A.B. asks: 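Before I ask anything, here is the structure I am working with.
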There are 2 protein chains.
Amino acid sequence: MESKDLRNAGLKVTLPRVKILEILETSKARHFSAEDVYKLLLESGEEIGLATVYRVLTQFEAAGLVTRHHFDTGHSVFEMNLGNHHDHIVCVKCGRVDEFFDETIEKLQHDISEKAGYKMTDHCLYIYGVCEECQKLE
Amino acid sequence: MESKDLRNAGLKVTLPRVKILEILETSKARHFSAEDVYKLLLESGEEIGLATVYRVLTQFEAAGLVTRHHFDTGHSVFEMNLGNHHDHIVCVKCGRVDEFFDETIEKLQHDISEKAGYKMTDHCLYIYGVCEECQKLE
DNA sequence: ACTTAAATGAAAAAGCTTCTCATTCTTATT
DNA sequence: AATAAGAATGAGAAGCTTTTTCATTTAAGT
């Protein structure tokens with residue numbers, strides 16, 4: 001029922017938007033560059049322009065459907081909002097992204113906030129490194 | 001004694017590198033885009049090409065003299081490394097920034113990287129919240 | 001000073017992303 | 001269903017930041 005999501009977001013139900021939402025929801029990957037989405041669309045037989053992909057992803061971000069990440073890879077990466085919090089570990093060589101969740105770190109952040117007099121609302125943690133594959137290539 | 005720093009980094013002591021290091025060390029600001037550095041150089045009467053600024057900043061990063069941040073502004077921001085690693089806690093109301101360092105979080109990040117097969121090179125942690133002052137105003 | 005390898009500047013090129021504008025499509029209304 | 005009005009799209013141009021190229025200049029050791 002993607003069209004519902006689109007309507008709720010105040011967006012007209014157009015083929016590009018439906019298809020892009022479909023890609024984001026059904027692909028195994030979780031993180032997509034605009035280029036990734038564009039290529040997946042081509043693979044599935046949809047001739048949707050790259051400019052439209054950028055436009056739609058930006059609209060989805062504004063509508064809260066996706067989150068845009070600024071990893072150290074030089075380009076934006078988009079991720080569907082599924083509600084389950086997690087942090088990211090990013091390969092600085094190939095751009096691969098893995099997710100992790102650490103209870104202790106989460107708790108420590110609250111402790112730190114409290115000690116600093118802050119009421120914590122959010123956080124953002126990226127670990128950067130070289131992934132297994134890229135280490136082999138060195 | 002900037003020339004010492006450059007030599008230690010394995011870099012020839014050239015006028016552009018000395019001047020750029022000077023800018024980074026003596027300006028009040030803490031974060032600089034390449035363009036910022038370029039303009040400050042012009043203001044101080046140095047005609048140094050933008051390409052050189054980029055090259056030098058990249059070399060400084062490789063040498064560990066500066067850190068490159070990727071904010072959501074669309075361009076890189078550079079910051080002098082003052083040796084003391086710390087993370088940031090940012091007030092979402094007034095923009096106040098405090099620094100903190102937590103040994104346990106640092107260690108956990110290494111553990112997580114290892115478990116994920118990554119060789120960790122860096123990390124980036126921001127906590128967002130409402131600071132003491134701003135809580136009073138609510 | 002001299003030599004050699006490295007650094008620089010200017011301009012071109014390279015990525016990623018946004019903008020322009022003519023055409024097409026969605027949606028609300030007959 | 002047909003229509004009208006406005007929004008969305010596609011293709012290419014343009015915009016920005018950053019990197020590369022290459023001829024020229026400069027630093028550092030002999």
Side-chain angles (χ1 to χ4, degrees), chain A residues 2-23 31-42 44-63 65-78 90 92-95, chain B residues 2-23 31-42 45-63 65-78:
Chain A
E2 290 88 6
S3 38
K4 267 279 168 56
D5 296 334
L6 291 174
R7 276 181 210 290
N8 290 342
L11 297 169
K12 282 189 184 174
V13 179
T14 64
L15 188 130
R17 303 216 256 238
V18 170
K19 288 299 173 188
I20 289 172
L21 198 49
E22 219 170 276
I23 295 274
H31 301 92
F32 307 86
S33 67
E35 193 76 27
D36 291 337
V37 173
Y38 177 66
K39 282 180 186 159
L40 287 166
L41 286 168
L42 287 184
S44 71
E46 300 295 338
E47 295 275 341
I48 291 172
L50 185 53
T52 300
V53 174
Y54 273 103
R55 258 186 307 236
V56 169
L57 287 174
T58 301
Q59 291 157 350
F60 283 5
E61 184 194 12
L65 291 173
V66 306
T67 298
R68 182 196 301 252
H69 296 285
H70 296 276
F71 297 139
D72 281 9
T73 47
H75 57 258
S76 296
V77 172
F78 299 85
V90 184
V92 295
K93 296 276 184 193
C94 69
Chain B
E2 288 89 8
S3 40
K4 265 280 168 57
D5 296 334
L6 292 174
R7 276 179 210 292
N8 290 341
L11 298 170
K12 279 190 187 175
V13 179
T14 65
L15 188 129
R17 302 216 256 239
V18 170
K19 288 299 173 188
I20 290 172
L21 199 49
E22 219 170 276
I23 294 275
H31 299 94
F32 306 85
S33 68
E35 194 75 27
D36 291 337
V37 173
Y38 178 65
K39 282 180 185 158
L40 287 168
L41 286 168
L42 287 185
E46 300 295 337
E47 293 276 341
I48 292 172
L50 185 55
T52 299
V53 173
Y54 272 103
R55 258 186 306 237
V56 169
L57 287 174
T58 301
Q59 291 157 350
F60 283 5
E61 184 193 12
L65 291 173
V66 306
T67 298
R68 182 196 302 250
H69 296 286
H70 280 85
F71 297 141
D72 54 6
T73 47
H75 56 256
S76 296
V77 172
F78 299 85

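Remember, predicted model here, so these are calculated numbers, not experimental data. Below, chains carry the letters A, B, ... as their sequence lines are ordered, and counting in each starts from 1.
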A.B. asks: Using whole Å, report how far CG of B/Leu15 lies from C1' of D/dT25.
C.D. replies: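 In whole Å, D/dT25 C1' and B/Leu15 CG are 13 Å from each other.
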
A.B. asks: Check DNA chain C against residues 49-59 of chain B and give the residues with a non-hydrogen atom under 4.0 Å, in numerical order.
C.D. replies: B/Gly49, B/Ala51, B/Thr52, B/Arg55

A.B. asks: Pick base, sugar-phosphate or nothing for A/Glu47, based on heavy-atom distances below 4.0 Å to the nucleic acid.
C.D. replies: sugar-phosphate

A.B. asks: Please name the pair of heavy atoms, one in B/Tyr38 and one in B/Gly49, separated by the smallest distance, quoted to 0.1 Å.
C.D. replies: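 Smallest interatomic distance, heavy atoms only, reads CE1-C, 4.0 Å.
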
A.B. asks: Find the distance B/Ile48:CD1 to C/dG9:C1' and express it as a whole number of Å.
C.D. replies: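 My rounded result for the distance is 11 Å.
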
A.B. asks: Between B/Ser76 and A/Pro16, which residue's closest nucleotide on DNA chain D lies nearer the 5′ terminus?
C.D. replies: A/Pro16

A.B. asks: Check B/Val66 against B/Leu57 and note the closest heavy-atom contact, atom names and distance.
C.D. replies: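 What the structure gives for the nearest pair is CG2-O, 3.8 Å.
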
A.B. asks: I need the NE2-P distance between A/His75 and C/dT18, as an integer number of Å.
C.D. replies: 13 Å

A.B. asks: With rounding to the nearest 0.5 Å, note down the distance linking CG in A/Leu40 to CD1 in A/Ile48.
C.D. replies: 11.5 Å

A.B. asks: Atom OH of B/Tyr38 to atom C1' of D/dT17: distance rounded to whole Å?
C.D. replies: 14 Å

A.B. asks: Without decimals, in angstroms, what is the distance between B/Lys19 NZ and C/dG9 P?
C.D. replies: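 The distance from NZ of B/Lys19 to P of C/dG9 comes to 13 Å, rounded to the nearest Å.
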
A.B. asks: Taking 4.0 Å as the cut-off, does a side-chain nitrogen or oxygen of B/Arg17 come that near to OP1 or OP2 on D/dA27?
C.D. replies: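 Answer is no, no contact under 4.0 Å.
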
A.B. asks: Quantified as the angle between the terminal helix axes (five pairs each), what is the overall bend of the helix from C/dA1-D/dT30 to C/dT30-D/dA1 to 10 degrees?
C.D. replies: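 One end's axis against the other's: 30°.
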
A.B. asks: Quick one: B/Leu42 CG to C/dA10 C1', roughly how many Å, whole number?
C.D. replies: 14 Å

A.B. asks: Please state whether the phosphate of D/dT17, meaning OP1 or OP2, lies under 4.0 angstrom from any side-chain nitrogen or oxygen of B/Ser33.
C.D. replies: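 Answer is no, no contact under 4.0 Å.
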
A.B. asks: Calculate the interatomic distance between A/Leu6 atom CG and C/dT26 atom C1'; express it in whole Å.
C.D. replies: 13 Å

A.B. asks: Could you tell me the separation between the CZ atom of A/Arg7 and the C1' atom of C/dT26, rounded to a whole number of Å?
C.D. replies: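 Those two atoms, CZ and C1', are 9 Å apart.
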
A.B. asks: Are the side chain of A/Arg68 and the backbone N or O of A/Thr58 linked by a donor-acceptor pair below 3.5 Å?
C.D. replies: no

A.B. asks: If you look at every heavy atom in B/Pro16 and B/Thr52, which pair is closest and at what distance?
C.D. replies: CB-CG2, 3.9 Å

